[in-house]
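Model, not experiment: these values are computed from the prediction. A, B, ... follow the sequence lines: proteins, then strands. Residue 1 opens every chain.
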Amino acid sequence: MKSWLKWFGIVLILVVAAACSQQDEESAASEETEGIEVQHELGTTTVPENAEDVVTLELGVTETVAALGIKPVGVADDDRPERIAASTMEVIEGYKSVGARSEPSLELIRTLQPDVIIADVDRHEAIYEELSAIAPTVAVVNDTADYQDVLTATETIGKALDREDETEVLLDEHQTMLNDLQEILEGVEGTVLQAQYTESNIFGAPTSSFFMPSFMEEAGLNYALQNEEETSEDLTIEQLLKIDPDTLLLTKNEDDPSVKEQLKDDKLWNQLTAVKEDRVFELDHNDWSRRRSIPAVNEQMDQLKEIIASQK
Amino acid sequence: MLRRHPSFILTVTTTAVLILAIINVGIGDVFIPPLEIVQMLIGQGDADLRYIVFNYRAPRIVLAVLVGGSLAVAGVIMQTILNNSLAAPDTLGVSGGAAVTALVTASLLPSMSITSVSLAAFIGGAAAAFIVYALAYKDGANPVRLALVGVSVSALCSSGVELSLLKLDANAQTSLLWLNGSLFGRTWDQVLTLAPITFGIVIVLLLFTKTLDSLKLGGQIAMGLGVSVEKMKMLLLGLSTLLTGVSVSAVGMIGFVGLISPHITRQLVGLQHRYVLPGAALVGSFLLLLADTIGRSVLQPLEIPAGIVISLIGAPYFLFLLYQESRQGKRGA
Amino acid sequence: MRARKLMLVYGTSFLLLLAGAWFSLKIGAFSFKTEELVRFLQEGGSTNEALVLYDVRLPRLITAVLVGANMAVAGALVQSLTQNPLASPSVLGINAGASFFVVAGILFMPSLTGLSLVGAGFLGGALAAGVIFLMSAILQGGRMLVKIALVGVVIQSLFASGTQSLMLFNEESIHQILVWLTGTVAGSTWEDVRILLPLTLLGLITAVIMSKALSVMSLGEDVARGLGQQVRLQKTAVTLLVVVLAGASVAFTGPIGFVGLIVPHIVRYLVGPRHALVLPASALIGAALLVLADVGSRFISFPSETPVGIVTALIGAPYFIYLARKTQR
């Protein structure tokens, strides 16, 4: 009994000692002298100028970086590259997957030796220090972002990557499209609601504090579910009927069956104004819920125009 | 079955833990060949790989050993004191209480540091344990009732967890990871916080092996020294709750280790606590290390939380163990 | 005297159920005045209000009644089967087994709906029950009670981690699964009722028919055998019954906890241990409890929905602790 205890102790002490000696090295390495000072959600970070090797840890961030013409070396893609939009994939093809967004592999990120890491505030706050020990890390709001948060995040990313001109072009282009859309939507009266139909016969509806809904409001639409605190609410058909939006945007995963088809014999469903006037649209859940970035919203604007155009 | 001497078995187990640790060092999202590891030990080799080994993998290994060992030791103590083979940190509601307080604290007061969240977890675990003991321990311990009160307090806690996942926290996935006991992203900071407490308690507990033996025999005998049996039991239970609380706060909920390690250990080294306690610590370490190694290697670059792997291995194994014990006609499950 | 007490118990719980049903129909995003309610119920109609009442509130109410009754009866059956007053389908892992299979079904076969999901729920529940049954058959020696409880705990946590890893690696559906997993009757439809009703009636009637055999069984296996009962056959039948009742309910509404655990206790306290009385009373009080809990759940974040499973847990867990304290005296 004594002998194994001794062994245990010796091994532990060795490992701890080795680690402590390592840590000194690390603190010396992470000091940067020259670079761009970026203010972000978790503080101020100095990023080297002309950062080339970028690691992105959230889908919306990856899209933004791609839109600025940069191909990230590492992307947290949950090991499901098929979820990345074609327009983004074109640019980033050949990246290295660094695992799940919730648990990106620190080991892989380190071996990629990035110049800068762009992370999400909520998801990556707990490992922010470890990420910073690898490379300067900029944190933006994306996971729970509304439209304003995404605009801010885009600017922060642009600044960090020293692509402020490109960012301005991206945002200007977006603004032009938005103005265009606002003009089209001028005078459109009815309300809009986005929702996802679930197995339990309940509609999960994002509220006005979520990304696409807040964008739709910005564009001049009247979003039907206001809630400052929570980003989604669960509605039964009863509450849906109470809200009774004029246009209903149903989001569904690619391989889910059509909701309109499933519910076509439901009497209450057929009472909805949106159903009566054939204003229910089935949209891709990935595009309308998970992709939170300016390039993504640009792509969605055309769909939105078509939908609204059918109202006139 | 021919029984080897317990100290021989302890040596074998120690070696097994060490070998597993070495394998764990090499395996991961980045494979590190054995030669490279040897070079590192003499201070050479690729700097990035060295960093990965010393700052990512080493702390995880040490943490797995500490947590696995703590939970297993806590399991032994709880099972002996309560004379109840169902007792374990998870079945007594300690882990559940810790989880629910940690989640609620983290989502209501997002600005709190990780250390404060850990503290909250510990307090929650202790509170749950206290409730379970107080409710089921009155007028002597009925093992079955204790276990079932524990299970139902755990169930209450998991309802609480679901409520907070659904209503409080924006990011359910992060919470889920924590709930399933993940060693992801753990650093020397956690090890340094955990190590002194864990070692301190385990060493204290090792002083009580004789007492535990006599408690196991159900005896009021051999206590002497004028210390009441109940007080002694409370002290030991308190210490094992503390062990669980710190472990849960460091890595989240890890089931089964506390439940099955004592059983495995008793099969290996017999019933004497001077062998069972260190043996269980080793077996617990081995199990958690194994779970971590598997979790990191099968779905690369994704990582399966160690707690899930433990359940998947632990549950069927425990059923087998139960069957085996019953066939050998031993007393109790 | 005794008959009067029974009348009182049945009468009171029936009134409670009626009151719950009344509020369940009345309260929600649309609210009805009493005379409206009566008029719509009598005449029907094609206005939104009438349709909500008929197509949302009524199936929701009936589902709550059926599931509450199922869970409570399944709990009473499990408690006498294992001779363990603190057991329930969820403690034995039957709910967790059903949940795991249903969640897997939702994720991997999105086209599965209605009856096939019920099938998945059965399969999972039956698997969990099967393991427990098998283990109880092959395990020998003393302290069977503890051993069976232990097997249940292990199966429960195995399936629970299975479910959680499914959620972890399918983040896109996490919210959807969580809503279901906490247990909700909010989205119930007539189609659900159509499947659930015959199963429930069949199960409840079988249970009542078997109540005599159950009473004999609770005297202990040896006595039962001595009285000429085919113990093994009966145990299998009761286990199957539990799987049908619990599995079907879980498949439709998710694992609503605590109803199966606490209702049989309340009932035994009120009407005594005779199974012929316990089972129908459990059904009645279980139904009343779930209906009232469902009404309560609507107030938590009005007007949007909160899963009723949260409410039953909030009521059930403290009551259970009280119970555990009381029984030891």
Side-chain angles (χ1 to χ4, degrees), chain A residues 1-9 11-23 25-26 29 74 76-80 96-113 120-131 133-134 143-144 229-232 234, chain B residues 6-7 10-11 13-14 17-18 21 28-30 40-41 46-59 61-62 65-66 69 110 114 166-167 170-171 173-174 176-178 182 184-185 187-189 191-192 195 199 203 206 209 274-275 277-278 281-282 296 299-303 305:
Chain A
M1 175 186 135
K2 294 273 158 54
S3 70
W4 74 264
L5 247 186
K6 205 161 41 182
W7 266 106
F8 203 67
V11 171
L12 193 91
I13 290 164
L14 276 181
V15 177
V16 173
C20 292
S21 64
Q22 280 304 112
Q23 276 184 326
E25 237 170 82
E26 160 211 341
D77 65 349
D78 294 348
D79 213 22
R80 299 211 179 163
K96 173 105 179 156
S97 166
V98 297
R101 285 171 294 164
S102 50
E103 283 186 327
S105 165
L106 296 172
E107 302 184 353
L108 286 177
I109 299 175
R110 175 164 282 274
T111 50
L112 292 171
Q113 300 189 314
D120 180 76
V121 176
D122 290 324
R123 276 188 208 273
H124 306 119
E125 193 174 6
I127 53 165
Y128 182 75
E129 272 176 41
E130 281 124 274
L131 290 172
I134 299 172
D143 197 35
T144 53
E229 273 151 28
E230 289 182 50
T231 52
S232 89
D234 297 326
Chain B
S7 43
L10 287 184
T11 321
T13 326
T14 313
V17 172
L18 283 177
D29 297 329
V30 182
M40 276 173 209
L41 286 178
D46 183 90
D48 271 335
L49 292 187
R50 249 175 50 201
Y51 191 95
I52 287 174
V53 166
F54 286 109
N55 287 337
Y56 297 153
R57 295 192 186 166
I61 292 171
V62 178
V65 168
L66 287 176
I114 293 180
L166 203 60
K167 287 285 168 198
N171 197 334
Q173 210 183 16
T174 314
L176 264 180
L177 279 174
W178 191 83
S182 174
F184 170 78
T187 59
W188 288 114
D189 292 343
V191 176
L192 292 177
F199 271 97
I203 288 168
L206 282 173
T209 51
R274 66 196 173 108
Y275 299 121
L277 274 191
L282 287 168
R296 287 198 302 128
L299 275 185
Q300 284 177 25
L302 303 182
E303 189 179 313

Taking all heavy atoms of [X] and all of [Y], pick out the closest pair and write down the distance.
X: Thr111(A); Y: Asp48(B); result: CA-OD2, 4.4 Å
X: Glu130(A); Y: Tyr56(B); result: O-OH, 4.4 Å
X: Leu108(A); Y: Val30(B); result: CD2-CG2, 3.9 Å
X: Ala133(A); Y: Tyr51(B); result: CB-OH, 3.6 Å

Exercise for review: Let me know if Ile134(A) has heavy atoms under 4.5 Å from chain B in its side chain, its backbone, both or neither.
Suggested key: side chain

Check your understanding: Which atoms of Leu106(A) come close to chain B, meaning under 4.5 Å heavy atom to heavy atom: side chain ones, backbone ones, both, or neither?
Key -> both

Review point. When heavy-atom pairs shorter than 4.5 Å are enumerated against chain A, which of Ile52(B), Thr187(B), Thr13(B), Leu49(B) gives the highest number?
Key: Ile52(B)

Point to revise | Distance (rounded to the nearest 0.5 Å) between Ser97(A) OG and Leu302(B) CG | key: 7.0 Å

Review point. Would you call Arg296(B)-Glu107(A) a salt bridge at under 4.0 Å N-O?
Key: yes

